[in-house]
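Working notes, beginning with the structure itself.
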Amino acid sequence: MQGIPQTAALKSDLLQTLSARGYIHQCTDMEGLDAEAAGQTITAYIGFDATAPSLHVGSLVQIMMLRRLQQTGHKPIVLMGGGTTKVGDPTGKDESRKMLSDDDIAANIAGIQSVFENFITFGDGQTDAIMVNNDDWLSGLQYIPFLRDIGRHFSVNRMLSFDSVKLRLDREQPLSFLEFNYMILQGYDFLELYRRHSCTLQMGGSDQWGNIVNGMELVRRVDSGNAFGLTTPLMTTADGQKMGKTANGAVWLNENALPAYDYWQFWRNTQDADVGRFLRLFTDLPLDDIAKLEALEGQEINAAKKVLADEATSLCRGAAAAQAAADTAKKLFEQGSAGGDLPQADVPQGTPVVDAFVALGLAKSKGEARRLIRQGGGRLNDVAISAEDLALTADQLEDGKIKLSAGKKRHGLVTLS
């Protein structure tokens with residue numbers, strides 16, 4: 001198993017690009033994969049379970065990997081885990097995943113599918129992406145024949161050694177037999193995709209290494225096929241926080257789960273130390289341009305953060321949404337006026353300000369809004385709110401709206417009915 005290579009030693013555009021931009025953590029056979037990618041079009045896949053109606057930023061590096069694959073002349077497969085979602089991946093979990101109904105899973109897949117079209121091109125061409133659902137083959141498996149044909153290739157001793165299993169057992173958290181089967185089913189996915197679509201590469205996060213190696217070895221043992229695995233580093237911010245997790249919850253990719261302005265602001269608020277890395281991973285900017293941007297210091301680094309926000313939002317939400325978010329931010333922060341793309345709510349006159357914070361999504365509860373005000377973080381028309389029981393009235397309107405702020409970076413507009 002091989003780690004990060006020297007970019008100059010690589011022959012294929014695919015691995016040169018992935019290495020230069022910081023996507024590679026481990027590879028099962030770097031030299032072999034490099035030779036195959038340099039000599040022909042390869043097909044690769046990444047799986048996404050349907051546990052929610054939208055993916056979040058934590059999945060974005062995997063989506064960008066599929067984009068890089070296609071940009072360098074290869075074919076991506078998006079595998080929707082309609083079948084494996086019914087089981088639940090134990091990786092990184094302390095407890096069993098909530099069981100979802102078939103209808104819930106179908107609705108989640110419908111919500112997730114659309115975001116991929118912003119990053120990769122689907123179609124019937126040689127390098128056009130396809131989307132498949134592993135429920136198409138997993139739901140029809142006959143259990144006893146499956147155990148005889150596939151299960152015999154998996155060592156329980158080895159399965160017990162995987163971090164995803166050891167973590168649960170070491171913490172004395174229950175691991176169901178259903179979940180224990182997840183790694184067998186994921187390995188079987190690779191075999192099916194190898195047979196159906198000549199897929200020879202599975203990519204994923206570093207926490208999926210064991211599952212990916214299982215699938216690769218299953219292809220070799222059952223069909224004598226040549227297959228590869230490639231993982232990305234664990235995505236954390238400079239302060240060690242998990243990528244995409246904020247105090248306000250997950251940073252969702254779908255517009256109906258998170259407004260474009262809030263998505264833009266997430267990238268705009270990137271820590272200085274992460275700007276260059278995130279520009280390489282999450283934008284298409286040339287590496288020379290990125291080097292110049294990440295060399296900026298002091299207040300000038302904010303220009304690089306705006307470029308990151310513009311580029312990342314354009315990819316996920318479209319250029320128009322990115323421009324609207326940037327214009328709103330400019331009006332709000334540079335000109336001191338309220339832009340039109342902020343969260344908005346219409347409430348009756350006399351509504352307590354804590355209710356308005358909740359209506360705008362600036363606080364999850366009245367209690368949280370009160371704490372915000374007590375700590376000096378709640379503002380009305382850019383003036384600190386001193387009373388938790390303040391009511392909204394017409395004399396607070398400016399140009400027909402009241403601007404509420406939670407801290408320095410989260411804002412919303414209220415109209416009175």
If you define the side chain from C-beta out and look only at heavy atoms, does anything of [X] sit under 4.5 Å from [Y]?
| X | Y | answer |
| --- | --- | --- |
| Leu253 | Val57 | yes |
| Leu281 | Met235 | yes |
| Leu230 | Leu201 | yes |
| Phe48 | Leu79 | no |
| Tyr23 | Met64 | yes |
| Trp264 | Asn269 | no |
| Met80 | Asp49 | no |
| Leu141 | Leu138 | yes |

Could you pull out the closest heavy-atom pair between [X] and [Y], with the gap in Å?
| X | Y | answer |
| --- | --- | --- |
| Asp310 | Ala322 | O-CB, 3.6 Å |
| Gln186 | Tyr45 | O-OH, 3.9 Å |
| Ile290 | Leu285 | CD1-O, 3.4 Å |
| Pro76 | Thr127 | CD-O, 3.6 Å |
| Ile150 | Leu191 | CD1-CD2, 3.9 Å |
| Trp209 | Cys27 | CH2-C, 3.8 Å |

Phe282 vs Trp267 aromatic rings, parallel, tilted or perpendicular, using cut-offs 30° and 60°?
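Geometry flag for Trp267 against Phe282: tilted rings.
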
Could you give all pairs that pass the side chain to side chain donor-acceptor pair (under 3.5 Å) test and reach residues 280-296, with sequence neighbours left out?
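Pairs touching residues 280-296 that pass the test: Arg67-Asp284, Arg68-Asp284, Gln71-Asp284, Arg280-Glu294.
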
With a 4.0 Å cut-off on N to O distance, would you call [X] and [Y] a salt bridge?
| X | Y | value |
| --- | --- | --- |
| Arg277 | Asp274 | yes |
| Lys305 | Asp272 | yes |
| Arg158 | Glu217 | yes |
| Arg196 | Glu192 | yes |

Any donor-acceptor N/O pair, [X] side chain to [Y] backbone, under 3.5 Å:
| X | Y | result |
| --- | --- | --- |
| Asp34 | Lys11 | yes |
| Lys75 | Gly125 | yes |
| Asn254 | Ala257 | no |
| Thr313 | Ala309 | yes |
| Asp13 | Thr72 | no |
| Asn118 | Cys316 | yes |
| Thr351 | Val347 | no |
| His197 | Cys199 | no |
| Asn134 | Asp189 | no |
| Arg379 | Leu404 | no |

Does the pair Phe266 and Leu258 meet the rule for a side chain to side chain contact (heavy atoms under 4.5 Å, CB included), with working shown?
CA-CA 11 Å; Phe266 167 77; Leu258 184 75; 5.8 Å; no

Assess whether side chain to side chain contact (heavy atoms under 4.5 Å, CB included) is satisfied between Met243 and Phe278, documenting all intermediate values.
CA-CA 11 Å; Met243 176 73 179; Phe278 286 2; 3.6 Å; yes

Please check if the distance between the ring centroids of Phe146 and Tyr188 is under 6.0 Å.
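So the answer is yes for these two rings.
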
Check against salt bridge (charged side-chain N to carboxylate O under 4.0 Å, His left out), Asp135 and Lys86:
CA-CA 9 Å; Asp135 196 48; Lys86 299 174 184 178; 3.0 Å; yes

If you apply the rule side-chain hydrogen bond (donor to acceptor under 3.5 Å, both in side chains), what do you find for Asn226 with Tyr194, and how did you get there?
CA-CA 10 Å; Asn226 193 29; Tyr194 175 82; over 6 Å; no

Have His411 and Ser405 got a donor and an acceptor in their side chains that come within less than 3.5 Å?
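Side-chain D/A pair, His411 to Ser405: present.
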
Should we say atom CD of Gln142 is surrounded by more than 12 heavy atoms from elsewhere, each under 6.0 Å from it?
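Check fails, neighbour count at 12 or below.
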
For a side chain to side chain contact (heavy atoms under 4.5 Å, CB included) check, start with the C-alpha distance between Asp223 and Arg195, then their side-chain angles and the critical distance, and finish with the verdict.
CA-CA 9 Å; Asp223 280 12; Arg195 291 171 169 175; 2.9 Å; yes

Trace of the side chain to side chain contact (heavy atoms under 4.5 Å, CB included) decision for Val78 with Ile120
CA-CA 10 Å; Val78 179; Ile120 53 180; 3.7 Å; yes

Could you walk me through whether Gln202 and Gln208 pass the side-chain hydrogen bond (donor to acceptor under 3.5 Å, both in side chains) test, one step at a time?
CA-CA 10 Å; Gln202 182 184 358; Gln208 294 296 316; 5.7 Å; no

For Thr121, enumerate each residue passing the side chain to side chain contact (heavy atoms under 4.5 Å, CB included) test, keeping only those at least two apart in sequence or located in another chain.
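Expected list: Gln70, Asp128.
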
